[in-house]
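Each chain gets a letter, A, B and so on, in the order the sequences are listed, and its residues count up from 1. Any value given below was found using the heavy atoms of this structure, including those in side chains, with hydrogens, waters and symmetry copies removed.
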Protein chains: 2
Amino acid sequence: MKALSQVGKYGLRAILYLVANPSEGQYMSIRQISDNLKLSFHFITKIFRELTEKGILISYRGPSGGIALAKPADQIMLIDVVKALEGEDYFDKCLIGLPHCGIAKPCPVHEFWKETKIQLQKNFAETSLATLGEKIRTQEVRLDE
Amino acid sequence: MKALSQVGKYGLRAILYLVANPSEGQYMSIRQISDNLKLSFHFITKIFRELTEKGILISYRGPSGGIALAKPADQIMLIDVVKALEGEDYFDKCLIGLPHCGIAKPCPVHEFWKETKIQLQKNFAETSLATLGEKIRTQEVRLDE
DNA sequence: CTTTATTAAGATAAAATACTCTTAAATAGG
DNA sequence: CCTATTTAAGAGTATTTTATCTTAATAAAG
């Protein structure tokens, strides 16, 4: 089950690297992130540009420039990042692609899928980047390999 | 959240049309399915060929030929069809694409994703095509629009 | 003012996915 | 045997996604 595009996967990994390695009032360079995670610098740059446009990140050009979170990490929920990367309608899609699938005209797998989406959405909405950053820092979870 | 490719979406819809319109010992033509669901005949034909190779369907060429389920509908679980369409490793993927993500080296969203996958997998494993066909026939759920 | 480090922007290329078309093979029925 | 109907097979095309490359803009520091 592939629930995220490459943009979503790389974008999430990159932003999680950022929150896991906070640098007090400074910007982190995209090069550092892409090198450490072994992801394409240009691809990550493009993804971050979108996240900057959407107000998740702020960026600064020039020496010692880079990107940073637009808000404190405890005020950005995982769901905000996922929706910014994959689209605001991320949790609104019918599994088998029926455009009018919903309570009035449910598709044959509507209930299963709804249950699944609600569960994931809840988890994402309750989890902040700060929480995930802390988990990575304490090595409870990993971001490489 | 797009969990199925077009092949998966169309394939599922097509096979659900088949189980919802059973025709006692006869084959159903692919043309009837593609016309009714307004899907590409050639595309569905290709998808069905794969499902035939994988033992989900049987096919018969010539006049009054078509396709049929290889087993009674109550002996084919939704999960069998989904895995045939999307790959046997459908439920084994890390959300953010880390190749070694697992119990030993969990990624930051491993637990959420695992929970989500298990729930959907359970629902799919417990649901037979017969059950879904019956739901469609009684118009409890819909397959068009 | 010049150099260097950095992101922004967009063009381009490559790869994967989605879809279409053509021809072949099988089989029923006249 | 001939024709019509149907799936099989695979080539071909289109679209989308993924990734790369080039140039511009910004800003720090000497």
Are any protein N/O atoms closer than 3.5 Å to N/O atoms in nucleotides 3-5 of chain D? If there are, list each pair with its distance.
from: D:dT5; atom 1: O2; to: B:P63; atom 2: N; distance (Å): 3.4

For this session: Just call it for A:Y60: base, sugar-phosphate, or nothing, with non-hydrogen atoms closer than 4.0 Å on any strand.
Result: sugar-phosphate
Exercise. Just checking B:F41: base, sugar-phosphate only, or nothing, at a heavy-atom cut-off of under 4.0 Å?
Worked result: base
Problem set entry | Parallel, tilted or perpendicular: ring planes of A:Y60 versus A:Y27, cut at 30 and 60 degrees | parallel
[Y] side chain reached by [X] side chain, heavy atoms, under 4.5 Å:
X: B:L57; Y: B:L69; value: yes
X: A:V141; Y: B:V109; value: no
X: B:H110; Y: B:C101; value: yes

Exercise. Where do B:L85 and B:G8 come nearest, in terms of heavy atoms and distance?
Worked result: CD1-O, 3.7 Å
Exercise. Which atom pair, heavy atoms only, marks the closest approach of B:E126 to B:M77?
Worked result: C-SD, 4.2 Å
Can you tell me how far [atom2] of [Y] sits from [atom1] of [X], rounded to the nearest 0.5 angstrom?
X: A:C107; Y: A:I96; atom1: SG; atom2: CD1; result: 4.0 Å
X: A:F91; Y: A:L120; atom1: CZ; atom2: CG; result: 5.0 Å
X: B:L78; Y: A:F112; atom1: CG; atom2: CZ; result: 7.0 Å

Problem set entry | Residue whose closest nucleotide on DNA chain D lies nearer the 5' end, B:E53 versus B:K2 | B:E53
Could you state the atom-to-atom distance from [atom1] of [X] to [atom2] of [N] in whole Å?
X: A:Y27; N: D:dA28; atom1: OH; atom2: C1'; answer: 13 Å
X: A:E50; N: D:dA19; atom1: CD; atom2: P; answer: 14 Å
X: A:I44; N: D:dT20; atom1: CD1; atom2: C1'; answer: 13 Å
X: B:R49; N: D:dT6; atom1: CZ; atom2: C1'; answer: 14 Å
X: B:Q26; N: D:dT6; atom1: CD; atom2: P; answer: 12 Å
X: A:Q6; N: D:dT16; atom1: CD; atom2: P; answer: 18 Å
X: A:K46; N: D:dT20; atom1: NZ; atom2: P; answer: 11 Å

For this session: Decide side chain to side chain donor-acceptor pair (under 3.5 Å) for A:E86 and A:S5; before the verdict, give the C-alpha distance in whole Å, the side-chain angles of both, and the deciding distance to 0.1 Å.
Result: CA-CA 8 Å; A:E86 297 283 334; A:S5 67; 2.9 Å; yes
Exercise. Angle, rounded to 10°, between the helical axes spanning five pairs at each terminus of the helix from C:dC1-D:dG30 to C:dG30-D:dC1?
Worked result: 10°
Exercise. Is there a donor and acceptor pair, one atom on the side chain of A:K9 and one on the base of D:dT18, closer than 3.5 Å?
Worked result: no
Seminar exercise, completed: Nearest-nucleotide check on DNA chain C, B:H42 vs A:I30; residue mapping nearer the 5' end is A:I30
For this session: Please check the phosphate of D:dT20 (OP1 and OP2 only) for any side-chain N or O of A:S40 closer than 4.0 Å.
Result: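 For D:dT20, OP1 or OP2 has a side-chain N or O of A:S40 closer than 4.0 Å.
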For this session: Using the rule that two of Ile, Leu, Val, Met, Phe, Trp, Tyr join whenever any of their side-chain heavy atoms come within less than 4.5 Å, decide whether B:I47 and B:F41 are in one cluster.
Result: yes
Problem set entry | Check: A:K117 side chain, A:K93 main-chain N or O, donor-acceptor pair, under 3.5 Å |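 Yes.
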Seminar exercise, completed: Bounded by its outermost nucleotides with an atom under 4.0 Å from a heavy atom of chain B, the footprint on DNA chain C reads C:dA18 to C:dA28
